[in-house]
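Comments concern the structure below.
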Amino acid sequence: MKAKIIVMPKKTVLDPQGKTVKHALESMNFTGIKEVRIGKFMEIELEGGNKAELQKKIDEACHKLLSNPVIEEYTFEIHE
Amino acid sequence: MRFGVIQFPGSNCDQDAYHALVDVLGQPTRYIWHKDTTLGDVDCVVVPGGFSYGDYLRTGAIARFSPAMKAVIAHAESGGLVIGICNGFQILCEAHLLPGALIRNRGLKLRCEYLHVRVETTNSPFTNACRKGQVLRIPIAHGEGNYFAEPSVIEQLQREDRVLLRYCTKDGAITDDANPNGSLDNIAGICNERRNVFGLMPHPERACELLLGSEDGKLIFNSILQHTKAGRHEAVRVS
């Protein structure tokens, strides 16, 4: 089993990296961009087990360590 | 006054803090290794600047779970003094000893320079030797010092007089130009509700000798000494 986790800065938090990349894209004539936001993608290989239990564990890991709820939001999926 | 300076892998201002405390201020000070589970008999813990655990994941995120930090949290909860400088401030936020978070500087640039901060309140163990409104010249050196918290938290910090330092011009004006990193409300340093935990991005330990360009940082450490001398071991609460 594998957990795929996406951590993104909250909408209310300034994302200077995203802004800078947006400017760079525009300077290479990539038009029509509304917004760029940059986050993180993580993969965790799991030994297996009960999917509902793993959901709970990964959720706790995301909340306590993998993201900072003050500035970030996360989503994840667990694949067989 | 006994100080303890925490050392994480990647700390690089631990020796600056040790030097300021021992050689300039003449205080008994010792290092505390990140794997230590107890702090010993220290009165004030310094969580120094640097790049603890390589800044992996987020600044301060890994350090927060180290054995020494568990002891620091217990020390803070029992009313002991804790000062977190730069990466130390980031760690204290991650450890939930202080609210909010420090994100990438608005300009994405690591800013390393002398600047000015204004003392917003003297009602703390860390600023009681200053005058309210006093402008201190202290250096910063960080890429992630942009203080962020929800509007309700910022409002609470204001209401409870917990913003100790703000970035300002050399005349003490709070302007956007004087803000090096985009911090909300020009916030450079805050304390917790109990007023015994202080986090700040500027480096007072690097501004304790004229040879280094300023002695203003000594006011922060002298405040701590004055607080303890006055026998106020318990942090002062705002009514």
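So that the names make sense, note that chain A is the first sequence line, chain B the second, and so on, each numbered from 1.
Among A/V13, A/T20, A/L65, the residue making the largest number of heavy-atom pairs under 4.5 Å with chain B is A/L65. Per-residue counts of heavy-atom pairs under 4.5 Å with chain B were compared for A/L66, A/L14, A/N68, A/V7; the largest is that of A/N68.
A/P16 and B/N105 get closest at one heavy-atom pair: CG-O, 3.7 Å. Of all heavy-atom pairs spanning A/T12 and B/F148, the tightest one is O-CE1, 3.6 Å. The two residues B/L57 and A/K40 make their nearest non-hydrogen contact at O-NZ, 2.7 Å. Taking each heavy atom of A/V70 and B/E150 in turn, the nearest pair found is O-OE2, 4.1 Å. B/R64 and A/K64 make their closest contact through NH1-O, 3.1 Å (heavy atoms, listed as atom of the first residue, atom of the second, distance).
Using a 4.5 Å cut-off between heavy atoms, B/N146 touches chain A through its side chain atoms alone. Using a 4.5 Å cut-off between heavy atoms, A/K19 makes no contact with chain B at all.
Summarising the local packing, CZ of B/F65 is surrounded by more than 12 heavy atoms from other residues, nucleotides or ligands at distances under 6.0 Å. For A/K57, the NZ atom sits in a loose shell: 12 or fewer heavy atoms of surrounding residues, nucleotides or ligands are nearer than 6.0 Å. Taking a 6.0 Å sphere around CZ of A/F30, one finds it holds 12 or fewer heavy atoms contributed by other residues, nucleotides or ligands. Within 6.0 Å of NZ in B/K109 there are 12 or fewer heavy atoms belonging to other residues, nucleotides or ligands. Environment of CZ in B/F51: sparse, with no more than 12 heavy atoms of neighbouring residues, nucleotides or ligands closer than 6.0 Å.
Within the 4.5 Å cutoff, no side-chain heavy atoms of B/I103 are placed close to those of A/E72.
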